[in-house]
Every structure is written in structure tokens, then in C-alpha cells.
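Worksheet: one structure, shown below.
Each ligand, and each atom within it, is numbered from 1 in the order the structure gives.
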Amino acid sequence: MALSNLQYDEIQRQYDARQLQNQHILQKRKTQLYLKYPRLKELESLIASVSVHFARLLLDGDEQAMAQLKQTLAHYRTERAEILASAGLTDRYLEPPYTCPDCKDTGYIGSKRCHCFKQAAIDLVYTQSNIRSVLEEENFTHYSFTYYSETKKSDTTGLTYRETAQDAVRESLLFLKQFDTEFQNLFLYGDTGTGKTFLSHCIAKELLDTGHSVIYFTAFGLFEVLEKHKFEKDREASSSMQHIFDCDLLIIDDLGTELSNSFTVSQLFLCLNERILRKKSTIISTNLGIDQLSIIYSERIFSRITSSYTMLKLYCDDIRLQKRKLSNGADHSVPLQTK
Ligand SMILES: [Zn+2]
């Protein structure tokens, strides 16, 4: 999406603020640490002066002196690492606490925009930042199979609800593992409260944490954006849609709950089709059955989805109701290891 100058400024301000905050945190760490370990402060200025000296020798071309100096420098660094280790810390403690280590919170790698800039633009344009707080809670470390019955079975597959959920998680982990190499889409379906949204949040969190761009929409929100750009001139509308077509992962949650009409249905097809052509992954979750897809949307959307998506059905007694019943009891969730 073409950002306006105001939006650019806003994002740049966020980067500037983050860098400033990093410096504050680092300064605070150093002050506390140097009080307790004065030798660390000495080492910092020794390392700095050696580096300057080294630059001079480099200009003179004095290779023997340079080799000696390199040794001294290594010696200082080892001593510093040892002191830090004795305090239970690593060298990284004396580096700014970057949110994005790839660009050191500048938004650039060399002269190119960092991947985090793309996500910052998405967050700003589509007001996605609220999803971050949700993902702090809804991720694989909080995933639990205990809500899925070990006795009730699906009529179609004969698998228990628990086994079906385990399969879905296994597929999701594979989806994540192969995300950068295999183009894949997921279609999560099943009744209300079967954990479809939760699972899509788990996947979103893993991808955001590994520097991918993710846009999350409820179907209602997506169709609102599609409607909004309906009256814009073609070129503007298509540039507004750019990130929706182009982000690494698009999540469309609760398909079937939006107000659809023939225009939004054709826009939905355009969106899903464009992403398939660009080999960009999409996750759709819905309470609809597969047979309802072609009735509510269209035959071409139905065939696009069934031919390009991995279909994962979840069965469960409404988790929201189960949680409500359990709300006075202890949390029996078993954290799930993802790595
Ligand atoms: Zn970055």
C-alpha cells in the first residue's frame, strides 16, 4: 500500500521512540552493572580505545602491531564475558534490547526496508496492533487438548475429538515448518467454540515472531475494507488492496458471519485467487460446512478453496461454555511444546 507522508512519519516516529527507549534501558543496565563490577566500566573504555588505536594502525599498514592488538582486544572481551557470566548474563545484556535485531530498530537493512517495516505499515493501516495483546494469551504455549473429548467420535472419520484436534495441530506445525518453502493454505471449519480462531492465532503468533507479515481480519472486517474501496478510483483501490494481496499470511476469521453481496463475493474471489497466484498463504476459519460454501459464495470460490486448501475440521463441545463451567476451578491446561 502506498503510505501517505503522514503515515510514514508516524511509523518513523515509532522507530525513533523505540531506539531512544533502547538507549535508556541500556544506560540503566550499565549504570547498575558498573556500580557492582567497576572493572566492566574500565574494560568498556579499554575496548573503545583499542579500537581507535586499531584504526590508526590500519591506516599505517602495520600488520604485526595489528595482530598484537587483536589479541589484546580478544583478551579484554573474554574478561568481560567472564564477569558477565559470573553475574548470570551474556554479552547481549550490554547491547540495546532490540525489538527487531535484523535492522536494530531502524526499519532499514542497508538501504532496503526491513521486513518489520512492512508489518508496521500493516499494523498502522489496518489497525492490527490490537491483535498483539490477544496473541500474548492465544498461542501454542497456552494451547490445551483437555477440552477435546477422548471418547466422543466424529461420525465421518471415526477419530475421537481429541485425535482430530491433535491432527489439526500436527498439520499446523507442519504448515509453520514448511512456511518458507512450501505454499500451503488452511481451511479450519467446525461448529462454534471448537478452537478454530485460537489455532489460527497460534499460527499467527509463530509467524509474527519469525519476522513474517500477517494480516488478521474477521470476515466482517475484511468485507468492510472491500466495501470501503468500492467507490475509490481503480488505481487507489488496487493500491489499498496491495498488502491484503501481498502479506505473508492473511487470516480470514469467521467466514459466513459477514454481510455479503454479489460485489463482496466477487472481491473475495479476487482476493483468494490473487493470493494463490502470488503463492501467499491464507487461513480461513468458518462455522460453515463445506457444502454451504458454494451456496453462499459461488462455485468458483468453492472450487478454489477445495483445490488449494488443506481442510481441517475440528470437533468439540463449545470451549467457551466449558471454560465458563470451569471458571471457578484451576487451569488444567497442558502447555504444548512447539519446537
Ligand atoms: Zn526490522
Donor-acceptor pair between Thr99 and Tyr15 side chains, under 3.5 angstrom: no

Polar side chain donor-acceptor pair, Asn261 to Thr264, under 3.5 angstrom: yes

salt_bridge(Lys280, Glu274) N-O dist < 4.0 Å: no

Environment of the Zn ion (ligand 1) in terms of protein N/O/S atoms, cut-off under 2.8 Å: Cys100 SG, Cys103 SG, Cys114 SG, Cys116 SG

Salt bridge Lys152-Asp317, side-chain N to carboxylate O under 4.0 Å: yes

Side chains of Asp318 and Gln322, donor plus acceptor under 3.5 Å: no

Side chains of Asn287 and Thr192, donor plus acceptor under 3.5 Å: yes

